[in-house]
Amino acid sequence: MSEDPYLELSSRLKFETKSHPAPQALNARRANILLAHAYLGSRNPDWLASDVLETKLFEYANLVDDRSGINNFAASTLELTSKLRKDCKSWKCSLSLDGPNLKKLLGTVEGECSNTSENGCTAYLPDDVSLKEFGDFSSTENCTAHVPEHQNSIRSNGTTPSEPFQQPSNMLIRPHLPSSSASKDQNVTSDHKMSNFKVKRPALSHTLSNESESGNPSRSDHLGNGWNPYNSSVEAINNATVGSSVYFRKVPKRAKKWRQNDDEDESAEDPPPKISLVTNGSSKFGPTTNFGGANDTRSEDGRESSAYPGFRTAYQQLKIDNRKKFGNSGDSIGRGHMSEGGSNGYHPAKFIKKTLGGKGVVNSRFVSPLLSNSTNNDEKNARKPSGPELQEDEEVDERLKNIEPRMIELIKNEIMDCGSRITWDDIAGLHFAKTTIQEIVVWPMLRPDIFTGLRRPPKGILLFGPPGTGKTLIGKCIASQSGSTFFSISASSLTSKWIGEGEKMVRALFAVARVEQPAVVFIDEIDSLLSQRSETEHESSRRIKTEFLVQLDGAGTDEEDRILVIGATNRPQELDEAARRRLVKRLYIPLPDLEARKELICQLMKCERNELTPQEIEDLGHSTDGFSGADMKHLCQEACLGPIRSLAPSMISSIAANQVRPVSMADFTSALKRVHPSVGPEDLHQYVNWNNTYGSGSKAFRFMGDLRK
Ligand SMILES: Nc1ncnc2c1ncn2[C@@H]1O[C@H](COP(=O)(O)OP(=O)(O)OP(=O)(O)O)[C@@H](O)[C@H]1O
Ligand SMILES: [Mg+2]
């Protein structure tokens with residue numbers, strides 16, 4: 001453990017909760033734990049850190065856990081804490097209220113939160129944390145908290161402190177640090193304002209679920225909102241009446257149970273959840289907690305709604321999924337209600353869907369694929385689910401019912417909007433390729449009634465050729481010109497660290513493409529996905545290839561589906577032969593010929609002041625033989641720097657833009673000394689051979705581009 005175990009715990013908690021759907025709240029809670037530690041450490045050195053640790057970390061466990069106990073984000077930290085329980089009495093606090101550490105931590109919390117939403121950070125600080133006390137954080141206007149009139153608190157191990165805190169009633173936590181001096185000599189920049197750190201305070205309810213008349217545990221006895229390391233537990237315990245029963249939420253086995261006092265041995269059975277309470281001023285029990293985590297509140301209609309909008313626990317997500325699958329009877333499935341718990345008090349859900357800590361669909365950007373079928377957008381927008389509650393009456397499209405919503409969301413993120421408007425004229429040369437693609441992509445969209453039967457466009461096109469010849473450019477042009485749903489897919493969008501997810505992503509891709517058809521799936525560098533299958537390759541990549549081949553043209557594909565897969569590669573020889581068969585049209589994208597090079601120079605230089613004559617352009621066309629489109633672009637960029645380089649360095653800062661001389665042939669001549677072709681003759685030879693063997697275009701000859709003029 002580091003010199004300050006709290007910091008170690010905090011970083012551990014942070015690490016563990018990285019995948020939590022609402023990390024801001026956790027960061028704030030973590031800050032709260034450290035604030036408590038720092039405050040107690042600086043105000044009363046002999047105060048036992050263990051008590052704060054116990055109270056705060058237990059609440060934290062509630063926050064990070066969810067009812068179902070599936071995503072127990074803080075498992076190992078709680079385990080570590082309970083192990084450290086014994087020796088944390090000796091922990092010395094390295095944090096002090098005016099120390100840089102604490103400000104840095106708070107700054108981190110702000111930093112992490114502030115980049116989560118463009119309009120500043122709406123972090124949720126628990127009710128009992130105020131940042132106003134920390135020097136220059138005082139600019140946060142709506143961030144106040146009052147430490148209440150301190151009552152006699154009782155340590156969680158039953159002893160009463162020698163003297164209660166001498167705490168004036170409305171004292172803010174840090175009265176003694178003059179905010180002006182502190183911020184100067186701290187290594188935290190004083191402009192570290194929290195101004196964009198909008199702090200909202202959800203009605204956080206510390207609950208001690210006393211048995212109410214009805215015999216059911218009441219959900220939320222609000223215990224006041226002052227911050228004090230004990231009121232959330234001991235005060236509540238003190239207030240409970242004799243004979244009332246305190247429910248403890250048993251932290252799932254994996255997170256080890258929480259012992260009330262440290263002389264209890266490890267092996268002791270977990271305390272039963274229903275404990276009668278002795279209220280002679282000493283509390284034998286550790287911190288109380290509520291059932292569903294500190295932020296669960298019940299709204300009037302009894303539906304659970306999280307205190308952090310947008311965040312939904314796995315349990316709530318499960319309920320929605322079950323309702324979809326089993327109708328309303330699904331509600332009873334997977335309910336981990338304590339009050340109905342068996343002898344052990346914790347009732348594991350029967351049909352709970354095991355997730356490996358994966359996020360539920362927490363953001364409301366997810367639109368059910370059914371909606372994407374709707375013809376007009378306003379219906380789509382009108383019915384888009386508002387907030388995290390999905391419309392219960394949504395039925396999922398038949399073709400997507402076996403696909404995980406998370407994957408559908410990921411695939412939808414790969415859909416490229418029209419992006420930059422690139423037209424066919426922006427592509428120099430490549431007349432044969434452009435004509436063929438228009439026949440296959442654009443015309444069938446315009447006249448689907450003509451392009452049926454044998455005239456139906458092929459399912460796959462392969463664009464292959466040397467690098468920098470415009471393959472990706474053609475893909476972008478199809479995206480903006482074809483009027484279909486354009487998926488821009490790369491190997492990374494389909495591979496996943498979890499075994500088996502890659503092929504599911506491929507299946508989800510084609511399922512969503514079917515729903516969104518007519519669709520174009522553009523796979524750049526397709527050789528990285530569909531290279532030759534071999535015995536030595538990794539199992540998961542082989543499965544992704546197989547899934548791809550099945551989806552491209554397998555048993556489940558429907559001839560009527562209007563999905564076009566376009567692959568671009570500059571290594572066609574590495575393609576798997578089954579994939580090659582499925583990419584029916586294999587178009588060779590050659591190096592630009594003389595005309596295309598001249599067209600490229602005119603196109604690239606039309607926005608730059610230049611004094612090139614047609615003859616000079618002709619000469620340049622000849623002297624750039626073997627250049628690819630990207631090389632031509634590089635040459636023009638280099639030539640345009642000529643006039644700038646001819647200026648005296650002192651003039652750079654003062655010269656007006658229109659005084660810079662135009663680009664001349666001399667600039668191109670000197671640029672040609674620096675820019676050389678990026679494709680060698682032997683590389684070309686490979687492409688020409690492959691094209692003559694497998695290509696769909698006309699036989700191309702060495703250095704000759706399109707034959708069709
Ligand atoms: N025929 C062309 N017409 C216009 N610009 C072109 C052409 N070919 C290449 N370019 C220019 O070269 C740049 C690179 O083109 P692109 O990315 O399409 O190459 P590529 O064939 O995808 O290369 P790679 O195989 O390495 O991915 C483009 O930004 C474009 O400006
Ligand atoms: Mg490319």
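Below, each value reflects all heavy atoms present in this structure, side chains not excepted, and no hydrogens, waters or symmetry copies. Counting starts at 1 for both ligands and their atoms, following the listed order. Heads up: numbering here begins at 1 and tracks the sequence.
For atom 27 (O) of ligand 1, the nearest non-hydrogen atom of the protein is Glu525 OE2, 3.2 Å. Protein heavy atom at the shortest distance from atom 30 (C) of ligand 1 is Leu473 CD2, 4.2 Å. Scanning the protein heavy atoms around atom 24 (P) of ligand 1, the nearest turns out to be Asn570 ND2, 3.4 Å. Residue, atom and distance of the protein heavy atom nearest to atom 28 (C) of ligand 1 are Lys633 NZ, 4.4 Å. The closest protein non-hydrogen atom to atom 2 (C) of ligand 1 is Ala428 N, 3.8 Å.
Taking distance alone, with nitrogen or oxygen atoms compared against 3.5 Å, Pro466 stays at or beyond that limit from ligand 1. The N/O atoms of Ile427, backbone and side chain alike, include none that comes under 3.5 Å of an N/O atom in ligand 1. Between Asp524 and ligand 1, a contact under 3.5 Å exists for no N or O pair.
A donor and an acceptor atom, one from each side chain of Gln551 and Glu547, are located under 3.5 Å apart.
With Asp426, Thr472, Thr569 as candidates, the residue nearest to atom 17 (O) of ligand 1 on a non-hydrogen basis is Thr472. Compare Ala630, Cys636, Pro592, Gly470 by their heavy atoms: the one nearest to atom 13 (C) of ligand 1 is in Ala630.
Listed by number with element, the atoms of ligand 1 under 4.0 Å from a non-hydrogen atom of Leu600 are 3 (N), 4 (C), 5 (N).
Distance alone, capped at 3.5 Å, places no donor-acceptor pair between the Asn691 side chain and the Asn689 backbone. Ser628 places no side-chain N or O within 3.5 Å of a backbone atom of Leu591 that could act as its donor or acceptor partner. Here the side chain of Arg507 pairs no donor or acceptor atom with the backbone of Glu503 at under 3.5 angstrom.
A salt bridge links Glu595 and Lys598; the closest N-O separation between the charged side-chain nitrogens and carboxylate oxygens is under 4.0 Å. Ion pairing between a basic and an acidic side chain is recognised when a charged N comes within 4.0 Å of a carboxylate O; Asp667 and Arg661 show such pairing. Between Asp625 and Arg597, at least one side-chain nitrogen of the basic residue sits less than 4.0 Å from a carboxylate oxygen of the acidic one, meeting the salt-bridge criterion.
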Problem - Worked check of ring-ring contact (aromatic ring centres under 6.0 Å, His included) between Tyr588 and Phe432 - result: CA-CA 9 Å; Tyr588 177 41; Phe432 174 70; over 10 Å; no
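Nearest heavy-atom pair, Gly429 versus Lys434, reported as atom, atom and distance to 0.1 Å: O-CE, 3.0 Å.
Every heavy atom of Lys476 sits 4.0 Å or more from the atoms of ligand 1. Ligand 1 is approached by Gly468 to a heavy-atom distance shorter than 4.0 Å.
The residue Met632 has no part lying near ligand 1, judged by heavy-atom distances below 4.0 Å.
The Mg ion (ligand 2) does not have Asn570 among its coordinating residues (no N/O/S atom, backbone or side chain, under 2.8 Å).
Counting heavy atoms from C-beta on, the side chains of Asn570 and Asp683 never come closer than 4.5 Å.
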